[in-house]
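As structure tokens, the structure follows; a few thoughts come after it.
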Amino acid sequence: METPKTPTAIEHRIREGLSRLVSVFRSEDWVRARAAGLNPTQHAILECLAGRAAGLTVKDIAFQLGVSQPTTTDSIAALERKALVVKRPSETDRRAVHVCLTEAGSAALALGDAVSGEVEHATGMLSDADKEHLLMTLVTMIKRLQDAGAIPIQRMCVSCRHFRPHAHADAANPHHCAFVDAAFGPRDIRIECRDHATADPSLQAATWGVFHKG
Ligand code: SF4
């Protein structure tokens with residue numbers, strides 16, 4: 001069959017490209033999870049709970065991971081048996097129960113975090129400028145998907161109440177994190193920060209306006 005002279009829309013081909021990466025991500029998720037003695041859903045639950053000292057309800061965890069509540073419940077039961085998570089009554093709502101990470105859970109997570117796979121290797125071969133550009137593109141795409149309701153709010157700097165975009169004149173380190181009280185540059189923008197504190201919607205919109213314009 002002849003290759004059409006006009007390719008499909010660029011958006012379609014980018015989607016095709018990203019979907020090629022998904023299969024690698026899936027297999028690397030298995031490797032990371034196995035390093036911690038878990039399956040990928042159990043490992044993702046530990047990642048989701050990291051940095052959330054007050055824990056999350058089963059419903060919130062299921063929402064964050066985009067999996068069903070029964071699957072989440074089964075995975076949490078397995079993690080409880082391994083003493084990697086513990087259930088505690090909510091501090092703000094006596095009827096609610098929160099799932100919290102234990103010290104053993106943090107240690108298991110560190111085992112998975114220590115594994116670096118082919119995606120990180122391939123990314124490491126990009127130029128510094130390309131890495132930074134890719135990071136900014138990912139932040140922008142994730143933000144758009146959040147706005148469209150396709151994914152929940154992620155723990156990124158751009159939705160964090162500690163983030164002060166373009167607070168400094170230093171071109172290399174224009175941004176400021178009020179949590180650690182330090183300046184940082186575009187290549188240090190976080191996609192998944194365990195110290196993230198979700199800003200209210202009006203602050204998020206204002207922050208994004210300054211960040212994106214800058
Ligand atoms: S606490 Fe984390 S997410 Fe928030 S601004 Fe600082 S580095 Fe970014």
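The first residue in the sequence is number 1, and the count goes up from there. When a ligand or atom number is given, it counts from 1 through the structure's own listing order.
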Thr102 side chain to Ala83 backbone, donor-acceptor under 3.5 Å: yes
Partner residues of His175 under the side chain to side chain donor-acceptor pair (under 3.5 Å) criterion, sequence neighbours left out: none
Protein-derived N, O or S atoms lying under 2.8 Å from atom 6 (Fe) of ligand 1, waters excluded: 1
Salt bridge Asp195-Arg161, side-chain N to carboxylate O under 4.0 Å: no
side-chain hydrogen bond (donor to acceptor under 3.5 Å, both in side chains) contacts in which one or both residues fall within residues 19-35, not counting sequence neighbours: Arg32-Glu120
Close side-chain approach of Leu56 to Cys48, heavy-atom, < 4.5 Å: yes
Qualifying side-chain hydrogen bond (donor to acceptor under 3.5 Å, both in side chains) pairs, either residue in residues 140-159, two or more places apart: Lys143-Asp147, Arg155-Glu192, Ser159-His196
